[in-house]
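By convention in this document, chain letters (A, B, ...) are assigned in the order of the sequence lines, proteins followed by strands, and residues within each chain are numbered from 1.
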Amino acid sequence: MLLKVDGITKAFGGVKAVQGASFDVKEGSITALIGPNGAGKTTAFNLVSGFMRPDEGTIQFDGRRTERLSGHTVARHGLVRVFQTARVFTQMTVLENLLIAARHQPGEKFGAAWLMPGRTSRREREIRREAEERLALVRLTHLTHERAGALSGGQRKLLELARALMVQPKMILLDEPMAGVAPVLGEQLMEHIKELREKAGITVLIIEHDIDLVMSISDRVIVMDEGRVIADGPPDAIQANERVITAYLGRNAGAAA
Amino acid sequence: MDIFNPVFWIFVATTGGIYTIMALGLYVQFSLAGLPNFGHVAFMAVAAYAMAILVARYGLPLPVGILGGLVAAVILAILVGVPALRLRADYLAIATVAGGEIVRYLAMNLQGLTGGPIGSIGLLGPGKIATFNGSWQVFMGDIAFYLKPIFGKYGRPDTAMAIVVWVFAFAAILVLWRMERSPWGRVMQGIREDDTAVAAIGKNVVGFKMQALIIGALLGAVSGMLLALQIGVFSPDDYQPTITFYAYLIIILGGMNRIWSVPVGAILFTLLYTGTRFLNVYPLTLFDSGERAYLRLFLVGLLLVLFLAFRPQGIFGDRRQILEK
């Protein structure tokens with residue numbers, strides 16, 4: 001297991017957003033995290049990615065305990081998240097958005113531009129090549145020098161995905177990647193997500209509302225409701241699971257059915 | 001002083017250079033890293049006091065005093081930054097305002113250490129006049145000696161001071177200008193735009209912000225010490241919160257995100273500020289000179305508002321950078 005989440009809890013004041021959720025993600029899988037609104041999916045993402053600290057419970061990623069680590073440390077260990085509304089740097093060009101995400105740039109140390117200009121510009125050339133490849137992959141090459149602020153919502157999501165890959169993650173967390181994306185770009189995005197696993201061997205954990213889409217791409221589905229994991233299994237089994245149907249359709253409808 | 005006297009212009013140049021260094025500190029924090037520091041004056045005050053105390057009270061040589069001033073500013077930056085940098089930017093704004101006032105009130109009330117309200121003159125206690133800039137004046141005099149052949153009768157210590165100040169200011173601009181264009185500056189720009197996104201790609205945001213805060217504090221410290229050395233005496237009243245807003249006005253005048261516009265903004269501001277004393281024409285002569293001195297504060301406020309309303313990008317800035325999201 002690449003990611004093991006065990007009994008995590010998070011309360012905001014009196015509201016328990018996540019109450020004792022446990023789930024695993026297998027290396028090399030595409031796992032979907034679904035559930036009705038308010039089920040605690042995004043909070044679970046925030047906890048797993050280190051952007052929030054759980055009140056209780058443990059998280060293990062790639063053999064390391066991470067529940068006390070901060071977001072940037074978790075990202076460096078190879079668990080990178082992509083946000084629900086794309087957070088690209090709008091004032092930077094598309095290319096710069098990728099360059100900033102690269103790892104091991106000695107020029108990011110203070111004074112390096114003066115003290116080690118050679119190493120900085122050598123690494124900068126490598127990073128630039130890598131960024132150009134990634135842009136070609138998500139078909140944004142024609143926008144390389146455009147300001148990211150001028151991109152459409154869907155293009156921003158593609159850019160953010162490419163940026164996350166610059167960090168060279170082992171696993172990537174996608175929070176509703178299809179929300180607000182035009183259908184054509186959505187299909188392209190979906191293809192990229194499949195390719196991530198097939199070509200780069202990157203594990204994907206994805207929150208998504210489109211059930212058909214979830215069923216078509218994921219190997220496993222985890223269902224959350226009211227802060228807990230209520231079901232966990234292959235897509236077919238989940239579709240037939242009564243508790244899941246109840247959670248989605250409401251208790252009365254479930255009882256009537 | 002009249003407006004045609006070169007000595008006046010040397011004074012303007014020196015003050016403009018010191019303000020440039022002060023505003024550069026804020027530039028690193030606010031324009032580069034997006035940290036709203038509303039207590040910049042505290043770094044100036046702490047450094048000036050640390051220097052003066054070490055020299056006047058403990059009889060240490062001036063270079064040690066200057067080093068002490070720099071260290072004091074860094075300590076203050078860490079004290080403010082450690083609790084506040086983890087929080088949202090608005091909390092840093094509040095913490096820095098408070099920090100600035102705490103420093104001023106401490107200077108006012110720790111009479112045994114700081115000389116209290118009468119300032120640096122009182123550093124040695126009642127009845128004695130304390131000085132701290134003697135060796136600085138000797139140093140300026142030495143430089144002036146070499147300036148004589150070039151500047152003739154204006155090869156004076158205050159000319160030397162103006163040159164020293166501007167050499168430092170330009171060196172700082174040059175260093176920062178290149179840093180800004182390096183990968184380090186790119187991360188800073190990212191933090192200014194969206195620090196959560198920067199953390200998500202594995203950068204230590206708090207660490208970068210701390211760097212910006214400390215660099216800004218060091219530049220503030222240098223400007224604070226130069227101001228103290230130029231005048232020779234200072235008191236807590238010289239470190240009112242308004243000084244911080246002068247630094248903001250300088251940045252806004254020149255153009256928020258252009259480092260080369262900082263010295264331009266600083267010179268414009270200094271002209272405006274020292275120039276108001278020449279507003280002795282009718283109908284302003286209806287006010288007495290003391291009241292006219294307050295006009296400059298009105299002018300500073302008015303300009304700040306007018307610029308933000310009509311030209312938020314400053315003289316040289318790019319309007320799109322400020323307005324577009």
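Between A:M92 and B:G190, the shortest heavy-atom distance links the atoms CE-N, 3.3 Å. Between A:F83 and B:A200, the closest heavy-atom pair is CE1-CB, 3.6 Å. Among all heavy-atom pairs drawn from B:A197 and A:R87, the shortest one is CB-O, 3.6 Å. Between A:A75 and B:A199, the shortest heavy-atom contact is CB-O, 4.1 Å.
When heavy atoms are compared at a cutoff of 4.5 Å, B:V198 approaches chain A by way of both its backbone and its side chain. Contact of A:T120 with chain B is made through the side chain alone, with heavy-atom distances under 4.5 Å. The parts of A:F89 that come within reach of chain B are both its backbone and its side chain, each placing non-hydrogen atoms under 4.5 angstrom from that chain.
For the pair B:E193/A:Q91, a side-chain contact is recorded, criterion being any heavy-atom separation below 4.5 Å from C-beta on. Side-chain contact between B:V205 and A:H72 is absent, with no heavy atoms from C-beta onward closer than 4.5 Å.
Identified by a heavy-atom distance below 4.5 Å to chain B, the contributing residues of residues 158-176 of chain A are A:R163, A:V167, in residue-number order. Interface residues of residues 99-110 of chain A toward chain B, defined by a heavy-atom distance below 4.5 Å and sorted by number: A:L99, A:I100, A:A101, A:A102, A:Q105, A:G107, A:E108, A:K109, A:F110.
Within the model, atoms OG1 of A:T90 and CG of B:D194 stand 9.0 Å from one another, a figure rounded to the nearest 0.5 Å. Here the straight-line distance linking atom CD1 of B:I201 with atom CZ of A:R76 works out to 11.0 Å at 0.5 Å rounding.
For B:F245, the CZ atom counts as densely surrounded, since its 6.0 Å shell holds more than 12 non-hydrogen atoms of other residues, nucleotides or ligands. For A:R119, the CZ atom is loosely surrounded, since the number of other residues' heavy atoms within 6.0 Å does not exceed 12. For A:W114, the CH2 atom is densely surrounded, since the number of other residues' heavy atoms within 6.0 Å is greater than 12. In B:R86, the CZ atom is not crowded: 12 or fewer heavy atoms of neighbouring residues, nucleotides or ligands sit closer than 6.0 Å.
Put simply, of A:R81, A:H77, A:E124, the one with the most heavy-atom pairs under 4.5 Å next to chain B is A:E124. Among the candidates B:V175, B:I215, B:V206, the residue making the largest number of heavy-atom pairs closer than 4.5 Å to chain A is B:V175.
A:A11 pairs by the side chain to side chain contact (heavy atoms under 4.5 Å, CB included) definition with A:K16, A:D55, not counting sequence neighbours. A search for side chain to side chain contact (heavy atoms under 4.5 Å, CB included) contacts involving A:R53 returns A:R68, not counting sequence neighbours.
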